[in-house]
Trainee: 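The structure that follows is given in the form of structure tokens.
FYI, side chains are in, hydrogens and waters are out, and symmetry mates aren't considered; it's all heavy atoms of this structure.
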Protein chains: 2
Amino acid sequence: MPKHYGQACPVAKSLELVGERWTLLLIRDLLGGPRRFQDFHASLPGIAPTLLSERLKVMEEHGVVTRRFYSEHPPRAEYVLTEKGRELGFVIGALASWGARHVHRETSVVSGDCGHEVELRYFCPTCSKRVRGSSVTVRRRRGARKTRRS
Amino acid sequence: MPKHYGQACPVAKSLELVGERWTLLLIRDLLGGPRRFQDFHASLPGIAPTLLSERLKVMEEHGVVTRRFYSEHPPRAEYVLTEKGRELGFVIGALASWGARHVHRETSVVSGDCGHEVELRYFCPTCSKRVRGSSVTVRRRRGARKTRRS
DNA sequence: TGTAGTCACTATATTTTCTGTAGCCATGAG
DNA sequence: CTCATGGCTACAGAAAATATAGTGACTACA
């Protein structure tokens, strides 16, 4: 979605960066470690190299991934998530969790430690308390006007 | 993305349902309560009625929203999220949270109760313990083979 | 009545984006 | 030399999105 939504909303702004076709799947792959051009090509049957190239370039421009050269001279690069990119893990996690419950019941999202199915929760680190979804809101940082729920 | 990704992955499957342009913004709006055609049109400058109509129809087919008639005879409907749709709140929340940190710093995602900024965490309800993101995995429900991290 | 306006869409032409496939350059293996 | 591999780039054609106009069924008002 290279076109902008023209909204002062963090959801819309995020989607302008990662909401285009394929982008979140690339990030999903990158959460498993560095990936090369061919890795994506193998893991995502159907993505045209043109588009893969383009998506990686845009993600790099936005500071979501870094290109790391493991060979000069035939220039050979691999892509690594930045911290900013790694924090998209919750978006992928939320999609995976929802998908596993509602669309692709063959899978579930589990903890590698205990093996049980995990869920997402909102948490207030200041109060050390769980916050329920229905009371979570988007606010302006300095002023106080509420905008939208999520 | 009406085209399928052709992957047995809950992230890919979720994106096939909600990953198209505008869809997640419609869901964001619907999390705030029932909405009518004109409400979307007002809140999303730029979405063509053709596309709005189409997106709503697809979401209805997938059981994410319900069409509720508040008038017969000029048939006038409003759209409401189903439980399945409401559970997408975490996807929106994750996008909002990431966006507020990295893209649209003017906003933050807060608890309506205490007013502090909230964060997302994985939680194992069986063990009643927090699970950190790096150990969260997607598994096949019956068999045991690991697939991907998130 | 007649005129205007609202609401929920549908139709259509144009623009943009995505797909599919071919090709290029550098290197390494045989 | 020839072929293969990796990391791309260059198109042409297909598909999707945008912008805008229009329809049908009313309601409100003069």
Trainee: Between A/L51 (CG) and D/dT9 (P), how many Å, whole number?
Mentor: 12 Å

Trainee: Counting the benzene-type ring for Trp, do A/F90 and B/Y122 have ring centres under 6.0 Å apart?
Mentor: yes

Trainee: What is the distance, to the nearest angstrom, from the CD atom on A/E54 to the C1' atom on D/dC8?
Mentor: 13 Å

Trainee: Without decimals, in angstroms, what is the distance between A/F69 CZ and C/dT27 C1'?
Mentor: 16 Å

Trainee: Per the side-chain hydrogen bond (donor to acceptor under 3.5 Å, both in side chains) rule, which among A/E87, A/H62, A/K13 passes with B/H102?
Mentor: A/E87

Trainee: Under the side-chain contact (heavy atoms from CB on, under 4.5 Å) rule, collect the residues that match up with B/E60, sequence neighbours excluded.
Mentor: B/V65, B/R67

Trainee: Just how far, in rounded Å, is C1' of D/dC8 from CZ of A/F40?
Mentor: 14 Å

Trainee: Could you report the tightest heavy-atom contact between B/R105 and B/R101, atom names first, then the distance?
Mentor: CD-O, 2.8 Å

Trainee: For the NE2 atom on B/H41, are there more than 12 heavy atoms of other groups (residues, nucleotides or ligands in this structure) within a distance under 6.0 Å?
Mentor: no

Trainee: Provide a list of protein-nucleic acid N or O atom pairs under 3.5 angstrom, restricted to nucleotides 4-8 of chain C.
Mentor:
| from | atom 1 | to | atom 2 | distance (Å) |
| --- | --- | --- | --- | --- |
| C/dC7 | O2 | B/R76 | NH2 | 2.6 |
| C/dA8 | OP1 | B/Y70 | OH | 2.7 |
| C/dA8 | OP2 | B/Q38 | N | 3.3 |

Trainee: Given atom NE2 of B/H4 and atom P of C/dT19, what is their separation to the nearest angstrom?
Mentor: 13 Å

Trainee: Identify each atom pair where a protein N or O and an N or O of nucleotides 20-24 of chain C are less than 3.5 Å apart, giving names and distance.
Mentor:
| from | atom 1 | to | atom 2 | distance (Å) |
| --- | --- | --- | --- | --- |
| C/dG20 | O6 | A/T50 | OG1 | 3.0 |

Trainee: For B/L56 and D/dA17, give me the distance from atom CG to atom P, rounded to whole Å.
Mentor: 14 Å

Trainee: Whole angstroms only, please: what is the CG-P distance between A/L52 and C/dC18?
Mentor: 13 Å

Trainee: So, OP1 or OP2 of D/dT9: does either fall under 4.0 Å of a side-chain N or O from A/S53?
Mentor: yes

Trainee: Is the phosphate of C/dT19, meaning OP1 or OP2, less than 4.0 Å from a side-chain N or O of A/W22?
Mentor: yes

Trainee: If the threshold is 4.0 Å, N to carboxylate O, is there a salt bridge linking A/R35 and A/E78?
Mentor: no

Trainee: Could you tell me which non-hydrogen atom of B/S135 sits nearest to which non-hydrogen atom of B/T137, and how far apart they are?
Mentor: O-OG1, 3.5 Å

Trainee: A/E16 has an atom CD; how far is it from atom P of C/dT17, in whole Å?
Mentor: 13 Å

Trainee: Tell me whether the guanidinium CZ or amine NZ of B/R21 lies under 6.0 angstrom from the six-membered ring centre of A/Y5 and within 45° of its axis.
Mentor: yes

Trainee: Flag the pair A/E119 and B/R121 as a salt bridge only when some basic side-chain nitrogen lies within less than 4.0 angstrom of an acidic carboxylate oxygen.
Mentor: no

